[in-house]
Amino acid sequence: MAEVPEEPTGESREEELVAARRAKADAMRSAGTDPFPHSFENVEPVEAVIAQHEGLNDGDETDSKHRIAGRLAARRGQGGAVFIDMFDRTGRIQLLAQTDHVGEEAFAAIGDLDLGDLIGVDGTAMKTKRGQFSLKVEEIFLLAKALRPPPDKHHGLKDIETRYRRRELDLIASEESRELFLTRAKVISTIRAFLDRDGFVEVETPVLQPLYGGAAARPFTTHHNALDRNFYLRIATELYLKRLIVGGLERVYELGKDFRNEGISPKHNPEFTMLEWYEAYSDYMVIASRLEDLVREVSRAVGYEGEIDFESPWRRETLQSSIHTRCGIDILANRDRDSLAAAMKEKGLEVPETDTWPQLVDELLTKHVEPELQQPTILFDYPVELSPFAKSHRSQEGLVERFEAYAAGMEISNAFSELNDPDEQRRRFEAQRADADAGDDEAQPYDEAFIRALEQGMPPTGGIGIGIDRLVMLLTGSKTIREVVLFPAMREEQ
RNA sequence: GGGCCGUUAGCUCAAUUGGCAGAGCAGGGGACUCUUAAUCCCAAGGUUGUAGGUUCGAUUCCUACACGGCCCA
């Protein structure tokens, strides 16, 4: 081959755009201006500036000076004038720069700004003849050069994959996305305020645990070099929090990440945010009403106006009746595997051959009940086989005092009267060990440290876990958890 | 894990019974002092996800793979 091929130009177009922007930054440096200055003090939120001038009439100009900062979103040149749209976290505002007012040199510099640049502005409040509130520019400062172009100014960023992988672009392009994550933050701060007000203590327990437990899930495993031992990333905070109840903290909560090494779906991210709280001298009924109060308060705080009714008392059913109503099958009258399987077949339902009795109950619940629970519903009283940490029911043999709360066809919460009898807890662990030996890889490992803590004496206690990502999904009408997690787990980008 | 759908310019999208891949926005040059998806003129921008196959010719048809989405397990 005589010809030497040109250099590959795979990203040439984008690199050209970057080069043009970098050249502008370099030109500024040559002229003695830093395209990445250190600070810009005394900035007002755009929302506040707009709010101060609601009474202006079309064409009014004022002497009211304001300093704002944000990202340059759009520009409309008009000869000796230019209109610029910029936005900060609180809102979007139009700037009007006129060559007569700022001078030719500054006007030319404004012309060199690119969409996406971070700018600071000093200007005066005005309303255009067409009635658009604006800031009349005195001076514009480049606060940071954007070397890469932003997403389309009108269509935004539509590609779902890019929105998740490069969330910063999504946040730049989409006010809805920014609002969603501000709502998420509001949910979390409201929860903290609610629990703090009711005398709960926020605590932090280990994320790296010698033994995992508190939920039916497979863990992530990691290794500590100095100790030369393996740790698990927690799948729940439950067992440590109950040890704090033993210790006398009486009301504790933890809000943080749990990790479950399982499939990814619209309802599952491998790391997710969980709230757990435990309160001494109470039981699952007390917990249920506090859950209703909390969710109602949170929905009000974020201004929820969707289809789900968080104001009324939640529907309450037993697990048994919820299945009986929808499938015509009484799980407690069919207390063994073969009997329940026969009842399901009689109703024409599919029966997975290898499923155990608890798995069949879970199948009925997941497939036939859960999707029906659109309005907030609490299902009470679960079979003991499904609930190794819940206290036996005070009046019903074979059941435990446990409830799960559902809304929009999704489990959002799981709560118990906590099992505090150490000998009973030991028997439950032994049953789990038998399940594990039989091949159940979600069975609870035997936790001697937890048993020993219970032997110290734990007061009667109610406790709960709430999936915060799912709660945010409900409150924002999001169909997938990836919409409410800033950086959802993805396969490696190729 | 299985099925279906998608992947084209920086962004948003077209197009082809298999025959030189097109727009808008953004970017470059120019005009314009009340625009707001501003407008107008000029020029430029592509390994059509990756690797193979069929074909005179593949972005289009076939196979595998990658990533994503939806549904099922």
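A, B, ... follow the sequence lines: proteins, then strands. Residue 1 opens every chain. The figures here come from the full heavy-atom set of this structure, side chains too, leaving out hydrogens, waters and symmetry mates.
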> Nearest nucleotide by nearest heavy atom, which residue falls closer to the 5' end of RNA chain B, A:Ala489 or A:Gly131?
Replying inline: A:Gly131

>> Only pairs with both distances under 3.5 Å count, Watson-Crick or wobble alike; so what is the partner of B:C61 in this structure?
In response: B:G53

> Does a side-chain N or O from A:Lys479 land closer than 4.0 Å to OP1 or OP2 of B:G69, or not?
Replying inline: no

> Can you check the A:Leu17 CG to B:A9 P distance for me, whole Å?
Replying inline: 13 Å

> So what does A:Arg75 touch, heavy atoms closer than 4.0 Å: a base, only the sugar-phosphate, or nothing?
Replying inline: sugar-phosphate

> How is A:Glu493 classified with respect to the nucleic acid when contacts are heavy atoms under 4.0 Å: base, sugar-phosphate, or nothing?
Replying inline: nothing

> Given B:G69, B:C34, B:G27, which nucleotide is nearest the side-chain atoms of A:Lys24?
Replying inline: B:G27

> From B:G69, B:C25, B:A26, pick the nucleotide closest to the side chain of A:Leu115?
Replying inline: B:A26

> Is there a donor and acceptor pair, one atom on the side chain of A:Asp159 and one on the base of B:G68, closer than 3.5 Å?
Replying inline: no

>> Would you measure the distance from the C1' atom in B:G49 across to the matching atom in B:A66 and give it in whole Å?
In response: 8 Å

>> Could you tell me how far B:C62 sits from B:G3 if I compare only their P atoms? Round to whole Å.
In response: 16 Å

>> I want to verify a distance call: between B:C34, B:U12, B:G68, whose nearest atom is closest to the A:Arg165 side chain?
In response: B:G68

> Out of B:G10, B:C34, B:U36, which nucleotide sits closest to the side chain of A:Glu61?
Replying inline: B:C34

> Do A:Phe310 and A:Tyr304 have ring centres separated by under 6.0 Å?
Replying inline: yes

>> Counting the atoms with a prime plus P, OP1 and OP2 as sugar-phosphate, which does A:Lys153 contact under 4.0 Å by heavy atoms, base, sugar-phosphate, or nothing?
In response: sugar-phosphate

> Rounding to the closest angstrom, what is the interatomic distance between B:A23 and B:A15 at atom C1'?
Replying inline: 11 Å

>> Checking contacts here: which listed nucleotide (B:G68, B:U36, B:C25) is nearest the side-chain heavy atoms of A:Thr128?
In response: B:U36

>> One thing to verify: whether A:Lys127 and A:Asp60 come together as a salt bridge, which I'm taking to mean a side-chain N less than 4.0 angstrom from a carboxylate O.
In response: no

> So what does A:Thr99 touch, heavy atoms closer than 4.0 Å: a base, only the sugar-phosphate, or nothing?
Replying inline: base

>> Under a 3.5 Å cut-off for both contacts, is B:A66 paired Watson-Crick or G-U wobble with anything, and if yes, with which nucleotide?
In response: B:U7

>> Whether A:Arg491 contacts B:G68 is assessed here as follows: a side-chain N or O lying under 4.0 Å from the phosphate OP1 or OP2. Is that the case?
In response: yes

> Would you say A:Arg326 has more than 12 foreign heavy atoms packed within less than 6.0 Å of its CZ?
Replying inline: yes

> Would you say the side-chain atoms of A:Gln374 pair up with the backbone N or O of A:Pro371, donor to acceptor, closer than 3.5 Å?
Replying inline: yes

> If each of A:Ser134 and A:Glu350 is mapped to the nucleotide of RNA chain B with the nearest heavy atom, which maps nearer the 5' terminus, i.e. the 5' end?
Replying inline: A:Ser134

> Which base sits across from B:G27 as a Watson-Crick or G-U pair, both distances under 3.5 Å?
Replying inline: none

> Given B:C11, B:G10, B:A38, which nucleotide is nearest the side-chain atoms of A:Pro151?
Replying inline: B:C11

> Just how far, in rounded Å, is P of B:C67 from CZ of A:Arg482?
Replying inline: 12 Å

> So what's B:A44 paired with, Watson-Crick or G-U wobble, going by both distances under 3.5 Å?
Replying inline: none

>> Whether A:Glu483 and A:Lys479 form a salt bridge (side-chain N of Lys/Arg under 4.0 Å from carboxylate O of Asp/Glu) is what I want to check.
In response: no

>> Between A:Lys367 and B:A73, is there a contact of a side-chain N or O with OP1 or OP2 at under 4.0 Å?
In response: yes

> Now, which nucleotide makes the Watson-Crick or G-U wobble pair with B:C34, with each of the two distances under 3.5 Å?
Replying inline: none

>> Taking B:A58 as the reference, what is the distance to B:C40 when you measure between their C1' atoms (whole Å, please)?
In response: 40 Å

> For B:U17, which nucleotide in any strand shown is its Watson-Crick or wobble partner with both distances under 3.5 Å?
Replying inline: none

> CZ of A:Arg21 versus P of B:C11: gap in Å, rounded?
Replying inline: 13 Å

> When we call it a touch if two heavy atoms are under 4.0 Å apart, what does A:Gly77 touch: a base, just sugar-phosphate, or nothing?
Replying inline: base

>> What contact category does A:Arg163 fall into here, base, sugar-phosphate, or nothing, at under 4.0 angstrom with non-hydrogen atoms?
In response: nothing

> Under the 6.0 Å and 45° cation-pi test, does A:Arg167 pair with A:Phe487?
Replying inline: no

>> Of the listed nucleotides (B:C34, B:A37, B:U12), which one gets closest to any side-chain atom of A:His154?
In response: B:A37

